[in-house]
Amino acid sequence: MWAGSMALAQNTGVPWIMCQQYDVPDHVINTCNSFYCDQFKPNLPTQPKIWTENWPGWFQTFGESNPHRPPEDVAFSVARFFGKGGSVQNYYVYHGGTNFDRTAGGPFITTSYDYDAPIDEYGLKRFPKWAHLKELHKSIKLCEHSLLFGNSTLLSLGPQQEADVYTDHSGGCVAFLANIDSEKDKVVTFRNRQYDLPAWSVSILPDCKNVVFNTAKVRSQTLMVDMVPETLQASKPDQWSIFTERIGIWDKNDFVRNEFVDHINTTKDSTDYLWHTTSFDVDRNYPASGNHPILNIGSKGHAVHAFLNNMLIGSAYGNGSESSFSVQMPINLKAGKNEIALLSMTVGLKSAGPYYEWVGAGLTSVNISGMQNGTMDLSSNNWAYKIGLEGEHYRLFKPDQGNNQRWRPQSEPPKHQPLTWYKVNVDVPQGDDPVGLDMQSMGKGLVWLNGNAIGRYWPRTSPTDDRCTPSCDYRGKFSPNKCRAGCGKPTQRWYHVPRSWFHPSGNTLVVFEEQGGDPTKITFSRRVATSVCSFVSENYPSIDLESWDKSISDENPLAAKVQLSCPKGKNISSIKFASFGDPSGTCRSYQQGSCHHPDSLSVVEKACLNINSCTVSLSDEGFGEDPCPGVTKTLAIEADCS
């Protein structure tokens, strides 16, 4: 109420909106954020129906597999929204991005903010999602006049099938035929014509006769993109320099408390890191036989590295679902004084949910169980605190610190050593393809190029579970757990490095590694489109959306066709698969079915080989003899680009 009143008081003359707020103040428009908003209604019938965030994907979180939303489902949601009177629809996000530096939220959201968006994090169009939505937008544009000026009618075409029809005074007529059955394809009758409606799909008819688009029938090609590695080119023979962090208080402490403080309130988000150190004495007769001490740590999040007597003894983390955690670490104590240093870490700030500013982070309890006299509670010990790292304090990641005497030259950098800074001179990757930094060989930390913060890296492996499947069934309501990929692999292996950050020569890569890794295996990779695929059936819409005229009848519709195109500067160099019949599978895993035209490969090679783009009609004369009469045939192609 306060925010709405404040905004309205500015008298801008521009309408104000609030997303996801059902009880908005008067004169503020409530809007919808969701995967589906067709059933949403604004508070007042005089207000436009606005969809402020249609999510074409979802967040990636470190330690989890990666979510993917099928293009068929995104298109279905948009077509349903406009069929149900939608005014404005916005994709969140349409262009994926990167959470450079420490800007990722969540917590635990990755440095990548690719979001499975129609344009990916590196600026490349994601096919088929980008092209399928482009065709959807063109199809809706053809309906513009009737949608804006017409009256709508809802017709039932079956138990879970319906038509939203718009007619205007000029005689215009638009229909959205929907099958919301999540399992069964249906044939419906509308205005004395029959229409094939796949499960969970919408057909758009700009003239109430001809289907120009169906959300489940993806005519666009699939473009396969790979990360092609390059060696980390060295500019000098003795290219490496290192700096090793001191464990614990690296200068005088910032303060001492006999309790734990909130991590975020203490660091003010100036750094991810907060040191806690304390010491305690163990009887000189220790160890007693049968004693197996355990260090128990409780934390509100997000992560901790534990050191005992200057040795890393273990690490623990929360996750995107639950930031808090507890951990038990077996330890070996020595007689006399023992020192514990705990490096508490944040992995992005919480960015959503009620009262999220009060959630906080940091250690809540520390004790040692299994001692001779029971459990030793260290929570109220005197804890010395130090905010940040020594390398951060001296800004070792900045170009003007390249000659800082703290850097020690090394011909071969140490491997698997915790709390180590690495500096290396690198050359620019060849070509002009987008660039990613492969950090699979490292543990967890931060990385910079020429002083620019690439961000947090953490190739944390996701669990292997049944949420990852070879192919995704688009049918039915989407949720972030539905169509996932990368189970058992690092959530994020490559980290986007803008080419504008490179100099022609004299480039410096700086890495801070928390746990230990092998920096010699860090590589740059180029993001390259390497192959194209297409899977089109005879019953797919074949109308050219660019030149279609409502006044022209489709009594003799054109045959469906496959269109393939390699990126600029590349040609179709080989045909890896071609089958006209009833093939199955997905790109790079197509298989011939029981029906296959023997000349499939030669027809496609004749039309496509050694050129940048090509079109193959499913009525091509090369397919003269029907390989399986009475069966709806499909043409599937996979081709290499080089």
Side-chain angles (χ1 to χ4, degrees), residues 59-67 99 102-112 245 247 260 262-264 266-267 269 271-276 294-308 311-331 340-353 356 359-367 388-389 416-420 439-447 455-465 484 486-493 495 511-517:
F59 306 101
Q60 294 174 282
T61 55
F62 285 119
E64 284 291 331
S65 52
N66 293 321
N99 294 309
R102 299 169 45 256
T103 56
F108 293 98
I109 289 177
T110 56
T111 299
S112 170
E245 286 278 334
I247 294 170
F260 292 120
D262 182 80
H263 183 124
I264 297 169
T266 303
T267 63
D269 194 37
T271 173
D272 282 354
Y273 304 101
L274 179 61
W275 278 109
H276 308 57
I294 303 289
L295 177 64
N296 304 287
I297 302 172
S299 174
K300 290 185 290 184
H302 306 146
V304 68
H305 298 311
F307 297 83
L308 176 64
M311 296 292 293
L312 177 64
I313 57 171
S315 304
Y317 320 96
N319 56 53
S321 301
E322 180 56 60
S323 297
S324 61
F325 63 90
S326 59
V327 63
Q328 297 77 44
M329 300 177 183
I331 56 175
I340 288 180
L342 303 176
L343 183 57
S344 175
M345 292 162 287
T346 49
V347 189
L349 300 186
K350 192 166 178 63
S351 51
Y356 66 79
V359 173
L363 304 181
T364 55
S365 65
V366 175
N367 66 63
L389 304 169
H416 309 294
Q417 177 176 296
L419 301 183
T420 303
M439 299 297 287
Q440 184 175 224
S441 67
M442 303 300 285
K444 178 180 179 294
L446 301 165
V447 60
R456 298 184 185 96
Y457 69 85
W458 192 5
R460 187 179 182 184
T461 301
S462 65
T464 301
D465 56 41
R484 301 186 77 92
C487 290
K489 297 179 180 179
T491 305
Q492 185 176 356
R493 175 177 171 180
Y495 297 79
V511 178
F512 171 64
E513 171 57 45
E514 300 170 13
Q515 298 169 283

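On a predicted model such as this, the values are computed, not experimentally measured, just so you know. In what follows, residues are counted from 1 in the order of the sequence shown.
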K.L.:
Atom CG of Asn296 and atom OG of Ser365: how far apart are they, to the nearest 0.5 Å?
P.N.:
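If we round to the nearest 0.5 Å, Asn296:CG and Ser365:OG are 8.0 Å apart.
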K.L.:
Applying ring pair (Phe, Tyr, Trp, His ring centres under 6.0 Å), name anything that partners Phe307, two or more places apart in sequence or on another chain.
P.N.:
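With neighbours one apart ignored, the set is Trp275.
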K.L.:
Between Thr111 and Gly455, is there a donor-acceptor pair closer than 3.5 Å when you use the side chain of the first and the backbone of the second?
P.N.:
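Here the side-chain-to-backbone pair does not exist.
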K.L.:
Within a strict 4.5 Å, meaning less than it, do heavy atoms of the Val304 and Leu343 side chains meet?
P.N.:
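With C-beta onward as the side chain, the pair stays apart.
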K.L.:
Show the numbers, then the answer: is there a side-chain contact (heavy atoms from CB on, under 4.5 Å) between Arg493 and Met439?
P.N.:
CA-CA 6 Å; Arg493 175 177 171 180; Met439 299 297 287; over 6 Å; no
K.L.:
Any Lys/Arg nitrogen of Asp262 or Lys300 sitting under 4.0 Å from an Asp/Glu carboxylate oxygen of the other?
P.N.:
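Between Lys300 and Asp262 there is a salt bridge, with a charged N closer than 4.0 Å to a carboxylate O.
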K.L.:
The criterion is side chain to side chain donor-acceptor pair (under 3.5 Å); which residues satisfy it with Ser344, sequence neighbours excluded?
P.N.:
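With neighbours one apart ignored, the set is His263.
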K.L.:
Decide yes or no for Ile264 and Leu349: does some side-chain heavy atom of the first lie under 4.5 Å from some side-chain heavy atom of the second?
P.N.:
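Of all side-chain heavy-atom pairs linking Leu349 with Ile264, at least one is under 4.5 Å.
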K.L.:
Please check if any side-chain donor atom of Ser315 sits under 3.5 Å from a side-chain acceptor atom of His305, or the reverse.
P.N.:
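The answer is yes; a qualifying pair exists.
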K.L.:
Quick one: does Arg456's side chain get under 4.5 Å of Val347's, heavy atoms only?
P.N.:
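Side chain of Arg456 against side chain of Val347, heavy atoms only: contact under 4.5 Å found.
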K.L.:
So, Asn66 side chain and Thr491 main chain: donor-acceptor pair closer than 3.5 Å or not?
P.N.:
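Flag set: sc Asn66 to bb Thr491 pair under 3.5 Å.
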K.L.:
Would you confirm whether Ser462, through its side chain, and Gly486, through its main-chain N or O, come within 3.5 Å as a donor-acceptor pair?
P.N.:
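Flag set: sc Ser462 to bb Gly486 pair under 3.5 Å.
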K.L.:
Hey, could you give me the CE/CD1 distance between Met329 and Ile294, rounded to the nearest 0.5 Å?
P.N.:
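One gets 11.0 Å once the value is rounded to the nearest 0.5 Å.
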K.L.:
For Ala341 versus Ile247, what's the shortest heavy-atom pair and its separation?
P.N.:
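In terms of heavy atoms, the two residues are closest at CB-CG2, 3.9 Å.
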K.L.:
Mind running side-chain contact (heavy atoms from CB on, under 4.5 Å) on Phe108 and Arg460 for me, showing each step along the way?
P.N.:
CA-CA 11 Å; Phe108 293 98; Arg460 187 179 182 184; 4.0 Å; yes
K.L.:
Let me confirm one number: the OH-OG distance from Tyr495 to Ser112, rounded to the nearest 0.5 Å.
P.N.:
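Going from OH on Tyr495 over to OG on Ser112, the span is 9.0 Å.
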K.L.:
Using salt bridge (charged side-chain N to carboxylate O under 4.0 Å, His left out), reason through Arg102 and Asp269 one step at a time and then give a plain yes or no.
P.N.:
CA-CA 9 Å; Arg102 299 169 45 256; Asp269 194 37; 2.6 Å; yes
K.L.:
My understanding is that only residues two or more places apart in sequence, or in another chain, count here; which of them pass side chain to side chain donor-acceptor pair (under 3.5 Å) with Ser324?
P.N.:
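Ser324 satisfies side chain to side chain donor-acceptor pair (under 3.5 Å) with Glu322 once adjacent residues are dropped.
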K.L.:
State, to 0.1 Å, how close Gly301 and Ser299 come at their nearest heavy-atom pair, and which atoms those are.
P.N.:
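That closest heavy-atom pairing would be N-OG, 2.8 Å.
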K.L.:
So which atom in Ile297 and which in Ala306 form the shortest heavy-atom distance, rounded to 0.1 Å?
P.N.:
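Smallest interatomic distance, heavy atoms only, reads CD1-CB, 4.1 Å.
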K.L.:
Quick one, Ile109 and Asn99 - any side-chain contact, counting heavy atoms below 4.5 Å?
P.N.:
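Yes - at least one pair of side-chain heavy atoms lies under 4.5 Å apart.
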K.L.:
May I ask you to test the Gln492-Trp458 pair for a side-chain heavy-atom distance under 4.5 Å?
P.N.:
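The answer is no; the side chains never approach within 4.5 Å.
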K.L.:
With rounding to the nearest 0.5 angstrom, report the CG to CG distance, Leu295 to Asn367.
P.N.:
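Between Leu295 CG and Asn367 CG, I get 8.0 Å after rounding to 0.5 Å.
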K.L.:
How far apart are the C-alpha atoms of Glu64 and Thr61, what are their side-chain angles, what is the distance that settles it, and do they pass the side chain to side chain donor-acceptor pair (under 3.5 Å) test?
P.N.:
CA-CA 6 Å; Glu64 284 291 331; Thr61 55; 5.5 Å; no
K.L.:
Are side-chain heavy atoms of Thr420 and Glu514 found at a separation under 4.5 Å?
P.N.:
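No - every pair of side-chain heavy atoms lies 4.5 Å or more apart.
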K.L.:
Do you know which two heavy atoms are closest between Pro459 and Pro490, and how far apart they sit?
P.N.:
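Reported closest heavy-atom pair: O-CB, 3.7 Å.
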K.L.:
Measuring from Thr266:OG1 to Phe260:CZ, what's the distance to the nearest 0.5 Å?
P.N.:
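Nearest 0.5 Å value for the OG1-CZ distance: 12.0 Å.
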K.L.:
What are the two closest non-hydrogen atoms of Pro463 and Gly63, and how far apart are they?
P.N.:
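Distance-wise, the nearest heavy atoms are CD-O, 3.2 Å.
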K.L.:
Main chain of Ser323, side chain of His302: is a donor-acceptor contact present, judged purely on distance under 3.5 Å?
P.N.:
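Pair absent, no side-chain N/O of His302 close to backbone of Ser323.
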K.L.:
Could you check if a side-chain atom of Phe62 sits within less than 4.5 angstrom of a side-chain atom of Lys444, using non-hydrogen atoms only?
P.N.:
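Result no, sub-4.5 Å side-chain heavy-atom pair not found.
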K.L.:
Could you check if a side-chain atom of Phe512 sits within less than 4.5 angstrom of a side-chain atom of Val447, using non-hydrogen atoms only?
P.N.:
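Result no, sub-4.5 Å side-chain heavy-atom pair not found.
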K.L.:
Between Tyr457 and Glu513, is there a side-chain donor-acceptor contact under 3.5 Å, judged purely by atom types and distance?
P.N.:
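Glu513 vs Tyr457: donor-acceptor pair found between side chains.
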K.L.:
What distance separates Ile313 CD1 from Leu308 CG, expressed to the nearest 0.5 Å?
P.N.:
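The CG atom of Leu308 is 5.0 Å from CD1 of Ile313, to the nearest 0.5 Å.
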